[in-house]
Amino acid sequence: MPSAGFTSNDRVPGAPLPRSFYMAPTLTVARQLLGKILVHEAPGGAVAGWIVETEAYRGPADRAAHSRGGHRSARNEVMYGPPGHAYVYFVYGMHHCVNIVTQPEEVPEAVLIRALEPLIGLPLMQRRRALPDVAPWRLCRGPGVLCRALGIDGTANGADLLTSRLRVHDAPDLPAATVARTPRIGVAYAGTDAARPWRFVVRGHRAVSGPRRDASPGDA
DNA sequence: GAATAGATTGTCT
DNA sequence: GACAATCTATTCT
């Protein structure tokens with residue numbers, strides 16, 4: 001399980017996940033990505049973190065997805081491409097968000113990475129966030145700020161997550177009991193699709209943005 | 001801890 | 001011209 005204490009000199013553990021990982025159903029990929037490692041090697045140094053929060057976006061029938069209704073444009077073109085690539089978009093006039101494309105070409109589905117627990121390159125993340133003394137678990141808590149901390153911007157759009165400087169490395173699966181599902185964040189406009197439990201979080205983890213547990217009975 | 005408003009610009013109607 | 005897969009500070013309770 002994620003815990004802090006690494007520095008920028010540590011080597012990134014694991015190897016890139018195989019292409020086949022991203023061919024599984026998108027909900028499965030979103031669930032399985034929890035605990036995996038998002039890596040970005042930029043000129044300033046390598047940074048990496050454990051994925052602790054994801055959301056699935058499921059193509060034309062999902063009214064919360066950028067590909068709703070089969071919409072296709074220069075912005076979301078990468079969603080229609082092969083799996084295992086990064087779809088990076090710009091929102092609210094100031095933030096980038098990074099997604100992982102799933103499913104074969106022409107099936108526009110993806111998983112939004114919403115939060116990480118920082119693993120490697122904490123000083124660099126702190127510089128990019130301009131927060132020199134903040135607690136590490138606050139550095140990547142949210143889809144916009146994690147891109148800021150990792151140095152991900154529009155130039156990473158379309159990057160191959162198996163071979164480029166932006167990758168996802170394998171790590172041990174998390175036990176089912178540590179995972180919770182909730183509705184997605186910020187998609188109130190999506191009608192009935194807004195309530196679908198397509199957000200996955202590491203239950204109770206500090207680095208998760210927003211609700212960290214579902215409503216299931218037995219929460220202590 | 002929860003609710004609210006403001007920042008700021010690419011994308012689409 | 002409206003809105004957006006957000007974040008932060010502020011103002012409550």
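Sequence lines set the chain letters: A, B, ... in the order given, protein chains first and strands last, and positions in each chain run from 1.
When rounded to the nearest whole Å, the span between CZ of R75(A) and P of dA4(C) equals 11 Å. Going from atom CZ of R63(A) over to atom C1' of dA5(C) covers 16 Å, rounded to whole Å. One interatomic measurement links the two molecules: CD1 of I113(A) to P of dT6(C), which rounds to 14 Å at whole-angstrom precision. Taking atom CD1 on I185(A) and atom P on dA3(B), their separation rounds to 13 Å, with Å as the unit. The distance between atom CD of E53(A) and atom P of dT6(C), rounded to the nearest whole Å, is 10 Å. Across the protein-nucleic acid pair, N76(A) atom CG and dA5(C) atom C1' stand 13 Å apart, rounded to whole Å. E77(A) places its CD atom 15 Å from the C1' atom of dT11(B), with the value rounded to the nearest Å. Protein atom CZ of R184(A) is 11 Å distant from nucleotide atom P of dT6(C), rounded to whole Å.
Between Y89(A) and dA4(C) there is no side-chain N or O to OP1 or OP2 distance below 4.0 Å. Between H66(A) and dA5(C), a side-chain N or O to OP1/OP2 separation shorter than 4.0 Å is present. Between R129(A) and the phosphate of dT8(C), there is a side-chain N or O to OP1/OP2 separation shorter than 4.0 Å. Remark: R141(A) is not in phosphate contact with dC7(C), judged by side-chain N or O atoms under 4.0 Å from OP1 or OP2. Note on S73(A): a side-chain N or O is less than 4.0 Å away from OP1 or OP2 of dC12(B).
A donor and an acceptor atom, one from each side chain of H40(A) and R165(A), are located under 3.5 Å apart.
Side-chain proximity of F90(A) to dC7(C), dT9(B), dA4(C): nearest is dT9(B). Residue V145(A) places its side chain closer to dT8(C) than to any other of dT8(C), dT6(C), dA5(C). You'll find that the side chain of H95(A) is closest to dT6(C), out of dT6(C), dC12(B), dA5(C). Closest to the M94(A) side chain, of the nucleotides dA4(C), dT8(B), dT9(B), is dT8(B).
A donor N or O paired with an acceptor N or O is not found under 3.5 Å between the base of dA7(B) and the side-chain atoms of Y92(A).
Cation-pi geometry between R184(A) and Y57(A) is satisfied (NZ or CZ under 6.0 Å from the ring centre, within 45° of the ring normal). Geometrically, R63(A) does not engage Y189(A) in a cation-pi contact defined by less than 6.0 Å to the ring centre and at most 45° from the axis.
Across every strand in view, dT4(B) sits in a pair with dA9(C) that passes the Watson-Crick or G-U test at under 3.5 angstrom.
For residues 37-52 of chain A, the salt bridge (Lys or Arg N to Asp or Glu O under 4.0 Å) pairs, not counting sequence neighbours, are E41(A)-R167(A).
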Candidate pair D214(A) and R203(A), rule salt bridge (Lys or Arg N to Asp or Glu O under 4.0 Å), full reasoning: CA-CA 8 Å; D214(A) 56 23; R203(A) 189 182 292 267; 3.3 Å; yes
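Note on G144(A): only backbone sugar-phosphate atoms sit closer than 4.0 angstrom, heavy atoms only; bases stay farther off.
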